[in-house]
Amino acid sequence: MKIIKTPTAMSDLASSWRRRGLTIGFVPTMGALHQGHASLIRRARAENDRVTASVFVNPAQFGPKEDFLRYPRPFAADCALAAQEGADAVFHPEPADVYPRGSSTFVEVAGLSGLLCGAFRPGHFRGVATVVLKLLNIVQPDRAYFGEKDYQQLVVIKSMARDLALPVRVVGCPTVRESDGLAMSSRNAYLSPAQRLWAPRLHEALAWGARSSRVSLVAAVRKRILGIPGASIDYVSLVDPDTLAPAPAPKAQAVRRGLRLLAAVRIGRARLIDNVIVS
Ligand code: AMP
């Protein structure tokens with residue numbers, strides 16, 4: 001497996017693949033890879049001739065008080081996992097190469113970016129959309145793979161690809177969980193051992209909500225989440241799966257089918273997000 005440092009070297013490698021008629025699957029990540037990332041690489045491996053993952057902790061998507069500096073960066077272990085899952089290359093650029101001096105162009109997916117997590121993390125999705133577009137321009141893959149775990153991010157990227165007519169297929173992949181239901185995340189490392197024991201109750205609450213026939217479903221899920229010691233809620237929301245617009249006033253279970261129930265919850269230093277489909 002090749003480790004590629006510069007955007008030019010990455011585009012050259014990807015162009016050489018395309019010239020040979022090979023299809024390319026791309027998995028953008030911020031590293032600290034776990035089985036969630038591995039599932040994306042495996043899917044890309046199964047559907048393309050060549051696979052590139054990127055490992056880049058993108059400064060533009062972190063707020064000034066967020067965890068950019070302490071975000072885990074176990075690069076050697078990341079390369080080992082990517083190689084094991086069959087990636088052909090890992091693209092690992094420096095921030096200065098991704099954002100050359102004087103960079104002043106940003107991508108804003110208006111509307112969607114201000115909802116849910118966007119309301120609590122101003123500028124986050126602008127940073128995400130901008131870096132993903134740059135990475136897509138560098139690699140020019142046939143398919144790019146994103147996890148449903150970051151459901152709003154997936155919707156933002158799909159909208160950007162549609163609005164800007166990007167020549168890539170955006171593929172959403174199911175959330176990979178620990179055996180106790182906690183969605184895998186690089187940020188789970190911020191949980192203390194005690195918090196880690198409580199954290200699966202976020203998914204339990206959402207899964208319970210998705211099955212519940214209560215009219216006041218969101219309020220009932222909130223109550224369950226607030227039963228987790230030390231938990232505070234950023235949001236719990238039942239939304240249209242494509243527009244992320246809040247679902248209209250509570251309706252019968254049958255009418256709710258296909259909606260997404262999403263939550264962001266803080267437990268200690270960790271901000272956990274998760275979501276389920278209401279089926
Ligand atoms: P990150 O490194 O957190 O930026 O994530 C990189 C990609 O992996 C994103 O598309 C995430 O949605 C996806 N991802 C992260 N955690 C999981 C998970 N538990 N299951 C599936 N995909 C995930």
Side-chain angles (χ1 to χ4, degrees), residues 25-47 51-63 66-68 70-75 77-79 81-82 85 87 90-93 95 98 116-117 121 124-136 139 141 143-161 168-191 196 199-200 202-203 206-207 241 244 260 262-264 270-277:
F26 178 47
V27 181
T29 82
M30 296 207 302
L33 302 186
H34 49 64
Q35 285 303 309
H37 301 110
S39 74
L40 270 53
I41 298 174
R42 274 199 295 277
R43 175 91 177 259
R45 179 74 277 163
E47 297 180 351
V51 174
T52 287
S54 61
V55 172
F56 179 61
V57 185
N58 173 34
Q61 71 188 70
F62 288 79
E66 293 186 353
D67 54 343
F68 175 68
R70 66 188 164 97
Y71 198 85
R73 291 165 169 85
F75 185 62
D78 288 346
C79 289
L81 191 139
E85 299 300 344
V90 166
F91 178 40
H92 184 50
V98 176
L116 303 168
C117 282
R121 305 185 68 190
H124 170 69
F125 288 110
R126 177 172 116 139
V128 169
T130 303
V131 83
V132 169
L133 181 60
K134 283 187 191 221
L135 294 170
L136 291 174
V139 177
R143 298 179 191 83
Y145 296 82
F146 295 86
E148 287 183 353
K149 162 59 190 27
D150 300 275
Y151 191 79
Q152 184 174 10
Q153 170 172 282
L154 173 63
V155 174
V156 165
I157 301 298
K158 279 187 171 167
S159 303
M160 173 179 78
V168 64
R169 178 168 312 173
V170 174
V171 183
C173 304
T175 301
V176 176
R177 300 180 179 282
E178 303 283 358
S179 55
D180 57 13
L182 177 65
M184 289 191 182
S185 164
S186 312
R187 289 188 166 105
N188 291 349
Y190 299 158
L191 294 166
R196 173 64 188 80
L202 169 58
H203 176 245
L206 292 174
L244 303 183
R260 280 268 164 183
L262 298 94
R271 182 176 185 277
L272 306 180
I273 57 172
D274 202 347
N275 68 89
V276 295
I277 189 165

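In listed order, ligands and their atoms are each counted from 1. Both backbone and side-chain heavy atoms feed into the values below; hydrogens, waters and symmetry mates do not.
Using a 4.0 Å heavy-atom cutoff, Ala32 is absent from the residues neighbouring ligand 1. At a 4.0 Å cut-off, at least one heavy atom of His34 sits close enough to ligand 1 to count as contact.
Close approach to Thr175 involves these atoms of ligand 1, each under 4.0 Å from a residue heavy atom: 20 (N), 21 (C). Of all the atoms in ligand 1, the ones that sit under 4.0 Å from a non-hydrogen atom of Asp150 are 11 (C), 12 (O), 15 (C). Atoms of ligand 1 found under 4.0 Å from any heavy atom of Leu40, numbered from 1 in the order shown, are 7 (C), 8 (O), 10 (O), 13 (C), 22 (N). Proximity to Phe146 (heavy-atom distance under 4.0 Å) selects the following atoms of ligand 1: 10 (O).
Contact of the His203 side chain with the Val276 side chain is registered, since non-hydrogen atoms from C-beta on lie closer than 4.5 Å. By the 4.5 Å heavy-atom criterion applied to side chains, Val156 and Val128 are not counted as neighbours. Put simply, the side chain of Pro72 reaches to within 4.5 Å of the side chain of Tyr190, judged on heavy atoms. Between Gln35 and Arg42 the shortest side-chain heavy-atom distance falls below 4.5 Å.
Scored by the side chain to side chain contact (heavy atoms under 4.5 Å, CB included) test, Glu178 finds Asp180, Leu182, Met184, Arg196 as partners (sequence neighbours excluded). Taking the side chain to side chain contact (heavy atoms under 4.5 Å, CB included) definition, one finds that Leu135 meets it with Phe26, Pro28, Ser54, Phe91, Val131, sequence neighbours left out.
An N or O contact shorter than 3.5 Å is missing between Ala183 and ligand 1 by distance. Where the criterion is an N or O separation shorter than 3.5 Å, residue side chain and backbone included, Met184 meets it with respect to ligand 1. Between Thr29 and ligand 1, no pair of N/O atoms sits closer than 3.5 Å.
In terms of protein heavy atoms, atom 8 (O) of ligand 1 is closest to His37 CD2, 3.4 Å. Nearest non-hydrogen protein atom to atom 20 (N) of ligand 1 is Val176 N, 2.8 Å. With respect to atom 10 (O) of ligand 1, the closest heavy atom belonging to the protein is Gly147 N, 2.9 Å.
When Ser186, Pro28, Ala38, Pro174 are checked for heavy-atom proximity to atom 7 (C) of ligand 1, Pro28 turns out nearest. Summarising the contacts of atom 9 (C) of ligand 1 with Glu148, Gln61, Gln153, the nearest heavy atom is found in Gln153.
Here the rule is salt bridge (charged side-chain N to carboxylate O under 4.0 Å, His left out) with Asp274, and of Arg187, Arg260, Arg177 only Arg177 fits it.
To the nearest 0.5 angstrom, Asn58 atom CG is 8.0 Å from Thr130 atom OG1. Note that the OG atom of Ser185 and the CD1 atom of Ile273 stand 7.5 Å from one another [nearest 0.5 Å].
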Any chance you could lay out the side-chain contact (heavy atoms from CB on, under 4.5 Å) test for Val98 and Lys134, step after step, and finish with the verdict?
CA-CA 8 Å; Val98 176; Lys134 283 187 191 221; 3.9 Å; yes

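Proximity of Cys173 to ligand 1, defined as any heavy-atom pair under 4.0 Å, is not found for any part of the residue. Under 4.0 angstrom from ligand 1, the non-hydrogen atoms of Met30 come from both its backbone and its side chain.
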